[in-house]
There are 2 protein chains.
Amino acid sequence: MTGMHDGPKSPPTLHDVAREAGVSVATASRALNGSSRNVRSENASRVRAAAARLGYEPHLSAQAIAKGSTRTVALVVRDVADPYFSAIAAGVTRAAETDRLIVTMAVADGPPERELEIVRTLRGQRPRAIIVAGSRVDGAGTRDALIEELRQYRTAGGRVILISQRDLPFATVTIDNRGGAERLARALLGVGYRRFAVFHAPASVRTSRDRHEGFVAGLCGSGVPEPLAIETGFTREGGYEAARRLVERGFEDVEAVFAVNDVMAVGAMTAFRDAGVVPGADIGVAGFDDIASAVDVVPALTSVAVPLREAGVRAVLLALSHDEEAVVDLPTHVVLRASTPGRPTR
Amino acid sequence: MTGMHDGPKSPPTLHDVAREAGVSVATASRALNGSSRNVRSENASRVRAAAARLGYEPHLSAQAIAKGSTRTVALVVRDVADPYFSAIAAGVTRAAETDRLIVTMAVADGPPERELEIVRTLRGQRPRAIIVAGSRVDGAGTRDALIEELRQYRTAGGRVILISQRDLPFATVTIDNRGGAERLARALLGVGYRRFAVFHAPASVRTSRDRHEGFVAGLCGSGVPEPLAIETGFTREGGYEAARRLVERGFEDVEAVFAVNDVMAVGAMTAFRDAGVVPGADIGVAGFDDIASAVDVVPALTSVAVPLREAGVRAVLLALSHDEEAVVDLPTHVVLRASTPGRPTR
DNA sequence: TTGTAGGCGTTATCAC
DNA sequence: GTGATAACGCCTACAA
């Protein structure tokens, strides 16, 4: 019996491995991680064997401080559970894995100041890159502070990648929100709708604003009236609420609604149904994002497909590149489905 | 002009802060992190001011190696984009934030060996805890290796938390899959269904097996025939596929199907519709998990609600506790909706 | 209360 | 090729 109460044995160190293999730490280090070639192959295998026997795993923090750099990428999202962000996160983790990067995740839901605070503490990790998805960098006074914080991080050698619109001096993966919404408007005009409502979030949500503006732009010159704008939350409940309000107001001739994202659109469809209005038949509904469930909802939701996963992947690629202000533009495309069967052009 | 090509200035260190404040590193360290009280308040504020001026942020890796412990929690999931896992992840990040923990995320989709490999490299981070959600620890030969790996990690002072079934000697957050499925079966019997099909994943997926078994158990003694079991993938496509097969086989009298998770159920409903079979009316459909969209799908999906977010929160709490094999049992409850309006008991 | 010095686990620089 | 040894940025006795 070797002792019944050993307590937490601390993990084996490189030192232990070296001793076990009968070589110096330097050699052990080289055999396991270093530029490999310069160690006698017999010793190399001795070391590897010893490492395996001991269950040695290099202490990443120690490596980080010795090498002066980490293999960590920090991802900031507003809500992991939201399909929009989780799709991006999936892309990020996927790409990170192939490049042996570690992904740390921070959630910035609270107020905008919170986002600033998060980025600040994130810097403590000394990540190779900070990827900010869907920030409300737009928000008032904190905006400048956040930019300053990110800039400082960058001059300290970090990479900043934004997934949003290209309006900040950082590498950015943009999603063609404006263009997509514009094309969606044209497509809806094409199937005969003439009178629209737009369910949008407050103007501080840049994504919402861009999609809204794009939609209006797409209607331009068609001679149809300005769409009815209803402001609400950027969430499923927001969409539900807005639809309820539209019903209460008696529709005001609206034939189709464009909700600036799919979860809002889905919420709206449910609200319509709850009010006895049949989406698709009584009123057209379109969203944006083309989330997975768009196709399983009834009627299937017309939307604008956004390569979210791809955005995550590209963000990591940008993180690895060295182009400080590179911009990757991701296309979006309209997907017409049963929720907008169209109206006869009278 | 101070030089136009400064290059990446490395981030300020505690040393810099100390110098700027005119004190020793030790004092600076104490003022910023240490037991605080024992430093003259004037010096303390000097240091804090200097830190703020320089934009200093402590190097977490350095702290980790100096203190011999991190504030990191590693989360292993099978797919971030899956609402099941993203809900758990949301809970984990939420709880981690209130405890100022850093969450790193790893995705274990590939083969089971991949999971082993991931846990191994995760150990390199020396995280306080490794939380494994929905692992297929069941899978054959790698199972023992994985257990051994986790055990090793634990004896090295790490905490292991599993979110799954309680069949491994580690702290576990359990979800009452069996019980939930059992009660679901009874509820469906209660509204009059008598002939069932179960869409389930291969037996190696423990969650699927438990729900399947629970459902069968719930039927027990009611005199209804053994449900028709159709094996398929644990995904939306799997559900679609299974439904298609059931339709092809002419239903064999099946009045309601139980898909072992909601995304499968949703896929199944779409498949039924595509085949001209109206879910709810022509055939009952029930799922498990009660994902957010269950209520927006048509007809609204009968399901078993699982406190996924809560599971994530509790996992972090367990990570902070010191009970090595604690078990937290999370209840599930049946939610009957329009997808199972019931059949007359003839 | 403050500073000095040693140590944490690695890597990198030098001699050998 | 290999082995001492000095970093890396921080914390923490210990001493002053």
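All chains are named by letter (A, B, ...) in the order of the sequence lines, taking the proteins before the strands, and each is independently numbered beginning at 1.
- A/F85 and A/V77 make their closest contact through CD2-CB, 3.9 Å (heavy atoms, listed as atom of the first residue, atom of the second, distance).
- Not one side-chain nitrogen or oxygen of A/N38 sits closer than 4.0 Å to the OP1 or OP2 atom of D/dT2.
- Side chains of B/T104 and B/Q125: a donor-acceptor N/O pair is present below 3.5 angstrom, by distance only.
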Considering only distance and modelled atom types, tabulate donor-acceptor pairs under 3.5 Å from the side chains of residues 89-97 of chain A, sequence neighbours left out.
from  : atom 1 : to     : atom 2 : distance (Å)
A/T93 : OG1    : A/A89  : O      : 3.0
A/T93 : OG1    : A/A90  : O      : 3.0
A/E97 : OE2    : B/R114 : NE     : 3.2
A/E97 : OE2    : B/R114 : NH2    : 3.1

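- Residue A/R128 places its CZ atom among more than 12 non-hydrogen atoms of other residues, nucleotides or ligands, all under 6.0 Å distant.
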> How does each nucleotide of nucleotides 5-16 of chain D score, in 5' to 3' order, for protein heavy atoms under 4.0 Å: base (B), sugar-phosphate only (S), or none (-)?
Replying inline: ---BBBSBB---
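- Note that the first and last nucleotides of DNA chain C, 5' to 3', having any atom under 4.0 angstrom from a heavy atom of chain B are C/dT1 to C/dG9.
- No donor-acceptor pair under 3.5 Å is formed between the side chain of A/Y153 and the backbone N or O of A/L122.
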>> What verdict does the side-chain contact (heavy atoms from CB on, under 4.5 Å) test give for B/I88 and B/I163, after you've listed the backbone C-alpha separation in whole Å, the side-chain angles of each residue and the deciding distance to 0.1 Å?
In response: CA-CA 9 Å; B/I88 291 178; B/I163 302 185; 3.7 Å; yes
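- Shortest non-hydrogen contact noted between B/D323 and B/A171 is O-CB, 4.1 Å.
- Listed by chain and number, the residues in a side chain to side chain donor-acceptor pair (under 3.5 Å) with A/E149 are A/R120, A/R123 (sequence neighbours excluded).
- Remark: the backbone N or O of B/A108 is not paired with any side-chain donor or acceptor of B/R78 at under 3.5 angstrom.
- Checked against side chain to side chain contact (heavy atoms under 4.5 Å, CB included), B/R48 has the following partners two or more places apart in sequence or in another chain: B/L32, B/A44, B/S45.
- With the end axes of the helix from C/dT1-D/dA16 to C/dC16-D/dG1 each set by five pairs, the angle from one to the other reads 40° at 10° resolution.
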